[in-house]
Amino acid sequence: MDELVKRSLIKQYLKEICHYSQMQVFATSVYQKKYLEYQIDEVADELTDLILTVPNVNSNTLSASQQPQPPEPPSERVISKEELAQNDGSGTNFAYVAVNGVVYDVTNVMRWGGGTHFGLYAGNDLTSAFRGCHIGMFEILQQLPIVGMLKQD
């Protein structure tokens, strides 16, 4: 199996683990929590098996052109934190989120219905939350419309 294919599978497994972990937070019964814990363990076992077959899995093995890169932000529009906060997805408001100083429109993203996503709220800078769950997965952001740059105080 090609190393890039293995890397892609590893990212997929990490996404699944993150998803099940987030769902576990919102589980309302012991049965649901145990089921999700089981799912996490299953995916973690598959991930472990895959990682053990990949020699020297680190970002240095990919060339610079193969490394996932964050999207280039437009420099013409600067959005204040107040404007970002107003676009929280409530009512007829757009749903904007900021990651790494770039403001994205998640209004039409089904997983962001009502301006929320796994306990996160639109209208905020979600850089640390993104890094915590989607580290190095800039392709998620590349699918979103870029609104502008977040004004730095």
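Hydrogens, waters and symmetry mates are skipped; everything else that's a heavy atom, side chains included, is used.
- Summarising the geometry, atom CZ belonging to Arg111 is positioned 13.0 Å from atom CG belonging to Leu120; distances are rounded to the nearest 0.5 Å.
- The CG atom of Asp41 lies 11.0 Å from the CG atom of Leu36; values are rounded to the nearest 0.5 Å.
- Contact annotation: the side chain of Tyr96 never approaches that of Val106 to less than 4.5 Å [non-hydrogen atoms, C-beta and beyond].
- A distance-only check finds a donor-acceptor pair linking the side chain of Gln152 to the backbone of Leu150 [under 3.5 Å].
- Atom CG of Asp45 is surrounded by more than 12 heavy atoms from other residues, nucleotides or ligands within 6.0 Å.
- A single hydrophobic cluster is not seen to contain both Tyr121 and Phe130; linkage of ILVMFWY side chains at heavy-atom distances under 4.5 Å, directly or through other members, places them apart.
- Contact between Lys15 and Ile140 at its shortest, heavy atoms only, is CE-CD1, 4.4 Å.
- Lys151 and Lys81 get closest at one heavy-atom pair: O-CE, 4.3 Å.
- Atom OG in Ser21 sits 10.0 Å away from atom CD in Glu37 (nearest 0.5 Å).
- Looking at every heavy atom in both residues, Thr107 comes nearest to Ala95 through OG1-N, 2.8 Å.
- The distance from the CD atom of Glu83 to the CZ atom of Arg77 is 4.5 Å, given to the nearest 0.5 Å.
- Taking each heavy atom of Gly148 and Ile79 in turn, the nearest pair found is N-CD1, 4.2 Å.
- Scanning all heavy atoms of the two residues, the minimum distance from Asp105 to Leu144 falls at O-CD2, 4.2 Å.
- Taking a 6.0 Å sphere around OH of Tyr35, one finds it holds 12 or fewer heavy atoms contributed by other residues, nucleotides or ligands.
- Taking every heavy atom of both residues into account, Ala122 and Val97 meet most closely at CA-CG1, 3.8 Å.
- In this structure, Asp125 contributes its side chain and Thr127 its backbone to a donor-acceptor pair below 3.5 Å.
- Surrounding NZ of Lys33 are more than 12 heavy atoms belonging to other residues, nucleotides or ligands, all under 6.0 Å away.
- Listed for the Asn100 side chain is no donor-acceptor partner under 3.5 Å among the backbone atoms of Val102.
- Remark: the backbone N or O of Gln86 is paired with a side-chain donor or acceptor of Asn93 at under 3.5 angstrom.
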